K.L.:
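Sending over a structure as structure tokens; questions will come in a sec.
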Amino acid sequence: MTSVSELYEARVRAGALEGDPAQRGVLPALDRVTAGLAAAPAAANGGWLGRFFGTPAPAAERARGLYLWGGVGRGKSMLMDLVMEAAPLREKRRVHFHAFMQEIQAGLNEARRAGAQDAVRPVAERVAAEARLLCFDEMQITDIADAMIVGRLFQILFEKGVTVVTTSNRVPEDLYKNGLNRELFLPFIALIRERMEVVELASPRDHRQDRLHGGQVWFTPLGADAERAMDRLWADLTDCAETPPLELEVHGRRLSLGAVCERVARASFWELCGRPLGPADFLAVAEAVDVLLIDAIPRLSAANFNEARRFVTLIDALYEAKVRLIASAADRPASLYVEGEGAFEFERTASRLMEMQAADWGR
Ligand SMILES: Nc1ncnc2c1ncn2[C@@H]1O[C@H](COP(=O)(O)OP(=O)(O)OP(=O)(O)O)[C@@H](O)[C@H]1O
Ligand SMILES: [Mg+2]
């Protein structure tokens, strides 16, 4: 079995990664996860060993999960990919936390319709039956519906012997900070501390910043010049006789947006973020296009908290799907939202917006 450390050092030798002492500092914790998975075979999930001996592996023998947190661009997602690669089993799954919670909420609705008393259990058990290692990238809890079920969900996953690895920009104690009914959420934090090793990736390097170069795709300030530049790129990228609105169906609702030509779409900031669209809508947009042009991103303040939050969700979805982004905006990314609730989360968005401007960004 190749350990995460070995994979990391091989990438450094090959020149794909630069050795980063802080990243090296967390490699032993990642190695413990994959070694734990190798040491606790299917028994932990009631596999043949467990069935043969009639007892599941004791909790202490099961691989402990890992909660890796730290600032933007430090390499958390990259390290999680290495864990996925090194994990010596087939039943492993990596999923963006937003997308996963969407799936869970849909499963809960279905279970409730079917009359389940405890809807979380069958949904969690189904997830656990399919994966012994679950990697959640970017755990962030902003939604009360998610906050209220995530504790029970994880409890059942742990009970079933699933090893959970998550990345986050926040220390567990800051999850769902200032959220509604937060006291109901606190047992989840205790559960994380009990069942997962909590490790900070405190690198001074933002590797995302280091990758910057490339043709201009961010036009600021707003005005006639920016508009002309956007029109020119739109014309360069599209060659359709007509550009109808992008039509999507999300959970049975129709969503119509801006204009589209093949897999290139264009919409204004207000069309995307000025109405009550959510993660499912933005994931659908990200799936439908390779390039998205966003016109007229304004400077946001506490008064536009909702628009700013939607914008964060939109950029997360575009980033995850590696969509190329071209935008006109009132300012550079880091200056778009500097005060107000969620300004902390916005730092990651700004960092991503910078990375998405790199010439080699995109699929
Ligand atoms: N040691 C390294 N050498 C070179 N590139 C790196 C290194 N570590 C990370 N990167 C690259 O830097 C970028 C940012 O890394 P990554 O996405 O893993 O950060 P992150 O901590 O997950 O950030 P965020 O909190 O915004 O999700 C990625 O393109 C990644 O491949
Ligand atoms: Mg990440």
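Throughout, residue positions are numbered sequentially from 1 according to the sequence presented. Heavy-atom basis, side chains included; hydrogens, waters and symmetry copies ignored. Treat the numbers as computed from the prediction; the structure is a model and nothing was measured. Whatever order the structure lists ligands and atoms in, that order sets their numbers, starting from 1.
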K.L.:
Does a donor on one side chain sit under 3.5 Å from an acceptor on the other, for Tyr67 and Glu197?
P.N.:
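The answer is no; no qualifying pair exists.
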K.L.:
Of the choices Glu355, Arg352, Lys76, Gln23, which has the non-hydrogen atom that lies closest to atom 27 (O) of ligand 1?
P.N.:
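It is Arg352 that holds the nearest heavy atom.
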K.L.:
Using heavy atoms and a threshold below 4.0 Å, how should the contact between Asn169 and ligand 1 be classified: side chain, backbone, both, or neither?
P.N.:
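The side chain, only.
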K.L.:
Is any NZ, NE, NH1 or NH2 atom of the basic residue among Arg352 and Glu138 found under 4.0 Å from an Asp or Glu carboxylate oxygen of the other?
P.N.:
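Here Arg352 pairs with Glu138 in a salt bridge, since their nearest N and O are under 4.0 Å apart.
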K.L.:
Apply side-chain contact (heavy atoms from CB on, under 4.5 Å) to Val162 and Arg132, showing your working.
P.N.:
CA-CA 5 Å; Val162 175; Arg132 282 180 48 222; 5.9 Å; no
K.L.:
In plain terms, say whether Arg94 and Asp81 are close enough for a salt bridge, that is, a side-chain N and a carboxylate O under 4.0 Å apart.
P.N.:
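Salt bridge flag = yes for Asp81 with Arg94.
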K.L.:
Hey, which atoms in ligand 1 end up nearer than 4.0 Å to a heavy atom of Tyr319?
P.N.:
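This gives 17 (O) as the contact atoms.
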K.L.:
Under 4.0 Å between a Lys/Arg side-chain N and an Asp/Glu carboxylate O for Arg205 and Glu18?
P.N.:
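Looking at Glu18 together with Arg205, the answer is yes, because their closest N to O distance falls below 4.0 Å.
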K.L.:
Look at Lys92 together with Glu130 and state whether they make a salt bridge at an N to O cut-off of under 4.0 Å.
P.N.:
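So Lys92 does not pair with Glu130 through a salt bridge.
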K.L.:
Can you list the atoms of ligand 1 that are under 4.0 Å from a heavy atom of Val72?
P.N.:
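It comes down to these atoms of ligand 1: 23 (O), 25 (O), 26 (O).
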K.L.:
For Gly75, is at least one N or O under 3.5 Å away from an N or O on ligand 1?
P.N.:
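Yes; the residue has a nitrogen or oxygen that sits under 3.5 Å from a nitrogen or oxygen of the ligand.
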K.L.:
State, without any angle test, whether Asn178 and Glu341 hold a side-chain donor-acceptor pair at a distance under 3.5 Å.
P.N.:
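Their side chains do not contain a donor-acceptor pair, so the 3.5 Å distance test is not met.
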K.L.:
Count up the protein N, O or S atoms sitting under 2.8 Å from the Mg ion (ligand 2), would you?
P.N.:
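Step by step: take the Mg ion (ligand 2), keep protein N, O, S below 2.8 Å, and you get 1.
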K.L.:
So does Arg275 get a backbone contact from the side chain of Arg310, meaning a donor-acceptor N/O pair under 3.5 Å?
P.N.:
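Looks like yes, one N/O pair under 3.5 Å.
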K.L.:
Would you please classify the geometry between the Phe97 ring and the Phe100 ring as parallel, tilted or perpendicular, with 30° and 60° separating the classes?
P.N.:
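The rings of Phe100 and Phe97 sit tilted, inter-plane angle from 30° to 60°.
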K.L.:
Return yes or no for this condition: an N or O of Asp20 is under 3.5 Å from an N or O of ligand 1.
P.N.:
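No; every N/O pair is 3.5 Å or more apart.
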K.L.:
Charged N to carboxylate O under 4.0 angstrom, Glu9 versus Arg13?
P.N.:
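Answer for the salt bridge query: no.
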K.L.:
Do Thr220 and Asp331 have side-chain atoms, one donor and one acceptor, less than 3.5 Å apart?
P.N.:
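There is no such pair between these side chains.
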K.L.:
Applying a strict 4.0 Å limit to heavy atoms, is Trp69 in contact with ligand 1?
P.N.:
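The answer is no, since Trp69 has no heavy atom less than 4.0 Å from ligand 1.
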K.L.:
Given Glu18, Met80, Arg205, Met78, which one has a non-hydrogen atom that is nearest to atom 4 (C) of ligand 1?
P.N.:
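Answer by nearest heavy atom: Glu18.
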K.L.:
Which atoms of ligand 1 are found less than 4.0 Å from any heavy atom of Arg74?
P.N.:
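By the 4.0 Å cutoff, the relevant atoms are 19 (O), 20 (P), 21 (O).
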K.L.:
Does ligand 1 have an atom under 4.0 Å from some heavy atom of Gly73?
P.N.:
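Gly73: in contact with ligand 1 (<4.0 Å).
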K.L.:
Give the atoms of ligand 1, by number and element, whose distance to some non-hydrogen atom of Ser77 is under 4.0 Å.
P.N.:
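Contacts of ligand 1 toward Ser77, numbered from 1: 17 (O), 18 (O), 20 (P), 22 (O), 27 (O).
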K.L.:
Yes or no on side-chain contact (heavy atoms from CB on, under 4.5 Å) for Tyr176 and Phe188, after CA distance, side-chain angles and deciding distance?
P.N.:
CA-CA 11 Å; Tyr176 196 54; Phe188 177 53; over 6 Å; no
K.L.:
Out of all atoms in ligand 1, which are within 4.0 Å of some heavy atom of Glu138? Include the element for each.
P.N.:
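Taking each heavy atom of Glu138 in turn, ligand 1 has 27 (O) under 4.0 Å.
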